[in-house]
Asks: 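Let me begin by handing over the structure; questions about it come next.
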Amino acid sequence: MTPKPFAPTEEQRAVIDHEGSAFVDACPGAGKTRILIERARELFGALRQGQGIAFLSFTHAAVFELETRLSQERLLPAPIFPNFIGTFDSFVWHFLVAPFGLPGATVRPRLIADTAGLPVEPYENAQTLPLSCFCPDTGAIFPAEAKSKGFDVSKKQDYQVQAYETTASRIRERLLARGHLGFDEARSVALQRISDTQIARRIALALKGRFCEVIVDEAQDCNPDDLRIIAWLRDSGLPTKVVCDPNQAIYEFRGGVTDHLSTFAETFPAAQRKKVTGNFRSSPNICKAVAGFRPIPVRGDPDEALGSLRGHSASVEILSYGGISVPPSIGETFSTILRGAGILPSSAPIVASTKASGAAASGQPKATGSQDRTLRLAEVVSEFQFAAGYSDMKKAMDSAHELFLLLEGKLGGLSYHQYIADNDIDPASWRSQVVKLLRTLRFSLGVHGDARGWHGAVKQVLERELSIDDGQTISQKLRWNTNLEGLLADAPTDTPLPRTIHSVKGMQFPAVCVVMTSRTLGRILDFLLTGEPADQAENARKLYVAASRAEKLLVLAVPRSQALRLKTHLEAQGASVNVREI
Ligand SMILES: Nc1ncnc2c1ncn2[C@@H]1O[C@H](COP(=O)(O)OP(=O)(O)OP(=O)(O)O)[C@@H](O)[C@H]1O
């Protein structure tokens, strides 16, 4: 792909040329990633021998996107060292935790990705809560997180809460004894380290030796602890660029809160606070509609369309659907609109908050989230077959690997990631075999006929390919389940694929169809029109992120009860809107 010629605006140039630390706040499509790439180009041209740049973001999908953009610009050095590109969590792990071991422990520390989900069950048949509901420092329960899992602390006796806290602390002690740390625990160790002046100074010196600049992208997803670490990097004299759009914060579950971000922004002197305005991605109608999804206090005027689509006049399309469930006619109508607009359906995703809504809108099998192994196998095979990008594909491969290990009886009482860490298993050692199996297990109407046919065939394949030596047969492990019938479908041809909002962050597509459900849109519109209920702020931001991925065409599939309300709201922002009944 030939990179587009780039002529930065004055605001963009001010960031690209800025030496030292800065806080950069910009709207969707303002060129944050682009600026970062141009900054990298400048720095790479002047790097001292042995020095590199650290690029950090908050999800594997965002890091993958950044890597892709850097490599398209031929800026991704090989080998990467001494540069670093990865998630904030992996940076914390590599530079603040792993090299120093754990206080009082002799075992090598290991980062275990799934400890947050380990079940805390103080007594038999008690409701289980994930370990993430308990503070890694004090062991105290997080009431809000527990409530979101259906455990209302205010309605429990003290002794019940204490039983949970004691069990959670014991689980953490056992993990620590093996050297196993989750992301929360690792961050807690990192914070202890940087609060020790002597150690902090030594680490800072090492980091300044290796990196000339740290660039933190998508910083709206920082939680307050992340911000403390970033502030420490900056205050240690390491030039630190923090790039964000506070309106795109959609990781509240990580504790990311936009108020903390604005307080943090104020700790930068005025000359280091930069704003970048204007949208190079989207057409004017899309910019206007997107502005309508910002909360009232920061709505302001729509962002000016500055890119090649500034003259593009296609209306925003609302697909108004009846009933309470998301119908497959959304995907069919979206495909028709795309063909009419000359846009390849496979280049335009159906974006929804959950996988289930996206699958329903595109007429794909709906995941049940069941723990039944046969259903899990069918789901993981479908996920791989319908994956809309590398990060979806990787997730499906990991889930399949976990399921195969489970079928082989290898996991014992360990979580998947504990097993991988304990046995030092490198993804390269299993990935090609898992991909081959996933391809072989793919459902095909022509080959299998129906779900029964598929079930018989996969048992034969897995009996041959897996090494099960716990005395059980594959038929005992993969029993027939009648729900299998709704879970299998033929591979898609040229159709729009469903993606979750979290997986499309930072990306852009010629067209996007955003699916809203009757359960959420009414309350989001209440929030956008009145500021209440305030708990809809994050859902409104998700809508903002999803809609702002669109370049030429924005389609919003919404329940009939809200279609005219949404149309009126978007027209009030100046957008031209067309409603179609489906
Ligand atoms: N000065 C410019 N001239 C032309 N195109 C530009 C310019 N700046 C950015 N772009 C293009 O605009 C599009 C959006 O840029 P980019 O993805 O960097 O925005 P962003 O601020 O990171 O967006 P978001 O936060 O919404 O993900 C890209 O295609 C980019 O190449």
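Heavy atoms only: backbone and side chains are in, while hydrogens, waters and symmetry mates are out. Indexing begins at 1, ligand by ligand and atom by atom, following the structure's order. The structure presented is a predicted model; accordingly, all values stated were derived computationally and were not measured.
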Asks: Any cation-pi pair here, Arg560 with Tyr321, using under 6.0 Å and within 45°?
Replies: no
Asks: Once you restrict to heavy atoms under 4.0 Å, what part of Ala7 touches ligand 1? Side chain, backbone, both or neither.
Replies: backbone
Asks: Enumerate the atoms of ligand 1 whose separation from the nearest heavy atom of Gln248 is less than 4.0 angstrom.
Replies: 24 (P), 25 (O), 26 (O)
Asks: Does any N or O in the side chain of Arg187 come within less than 3.5 Å of the main-chain N or O of Val92, such that one atom is a donor and the other an acceptor?
Replies: no
Asks: For Gln508 and Arg281, what are the C-alpha separation, side-chain angles and deciding distance, and is it a side-chain hydrogen bond (donor to acceptor under 3.5 Å, both in side chains)?
Replies: CA-CA 8 Å; Gln508 55 190 21; Arg281 171 180 302 136; 2.6 Å; yes
Asks: Taking only non-hydrogen atoms of Ser548, do any sit less than 4.0 angstrom from ligand 1?
Replies: no
Asks: Do any nitrogen or oxygen atoms of Met507 lie less than 3.5 angstrom from nitrogen or oxygen atoms of ligand 1?
Replies: no
Asks: Which atoms of ligand 1 are found less than 4.0 Å from any heavy atom of Gly506?
Replies: 27 (O)
Asks: If you measure from atom 17 (O) of ligand 1 to every heavy atom of Arg34, Lys32, Arg69, which option wins on shortest distance?
Replies: Arg69
Asks: Just let me know how Gln508 lines up against ligand 1, side chain, backbone, both or neither, with a heavy-atom cut-off below 4.0 Å.
Replies: side chain
Asks: Would you check the N or O atoms of Pro8, main chain and side chain alike, for any that come under 3.5 Å of an N or O of ligand 1?
Replies: no
Asks: Going by the angle between their ring planes, with limits at 30° and 60°, are Phe91 and Phe211 parallel, tilted or perpendicular?
Replies: tilted
Asks: Do any nitrogen or oxygen atoms of Gln12 lie less than 3.5 angstrom from nitrogen or oxygen atoms of ligand 1?
Replies: yes
Asks: Name all pairs fulfilling the side-chain hydrogen bond (donor to acceptor under 3.5 Å, both in side chains) condition that reach into residues 48-64, sequence neighbours left out, sorted by first residue then second.
Replies: none
Asks: First locate atom CG of Asn223, then atom CZ of Arg228, and finally report the distance between them rounded to the nearest 0.5 Å.
Replies: 10.5 Å
Asks: Quick one: list whatever passes salt bridge (Lys or Arg N to Asp or Glu O under 4.0 Å) with Glu571, sequence neighbours left out.
Replies: Lys567
Asks: Which is it for Glu218 and ligand 1 at heavy atoms under 4.0 Å: side chain, backbone, both or neither?
Replies: neither
Asks: Identify, by atom number and element, the atoms of ligand 1 in contact range of Arg549, meaning under 4.0 Å from any of its heavy atoms.
Replies: 24 (P), 26 (O), 27 (O)
Asks: Are side-chain heavy atoms of Val216 and Lys241 found at a separation under 4.5 Å?
Replies: no
Asks: List ligand 1 atoms under 4.0 Å from Phe6, heavy atoms only on the residue side.
Replies: 1 (N), 2 (C), 7 (C), 8 (N)
Asks: Tell me which part of Lys505 gets within contact of ligand 1: side chain, backbone, both or neither, using heavy atoms under 4.0 Å.
Replies: neither
Asks: Please say whether Gly31 places an N or O atom under 3.5 Å from an N or O atom belonging to ligand 1.
Replies: yes
Asks: Examine ligand 1 and decide if any of its atoms is less than 4.0 Å from a heavy atom belonging to Ala30.
Replies: yes
Asks: Within ligand 1, which atoms have a heavy atom of Pro28 less than 4.0 Å away?
Replies: 26 (O)
Asks: Where does the angle between the aromatic ring planes of His569 and Phe293 fall among parallel (under 30°), tilted (30 to 60°) and perpendicular (over 60°)?
Replies: tilted
Asks: What orientation do Phe264 and Phe23 show, parallel under 30°, tilted 30 to 60°, or perpendicular over 60°?
Replies: perpendicular
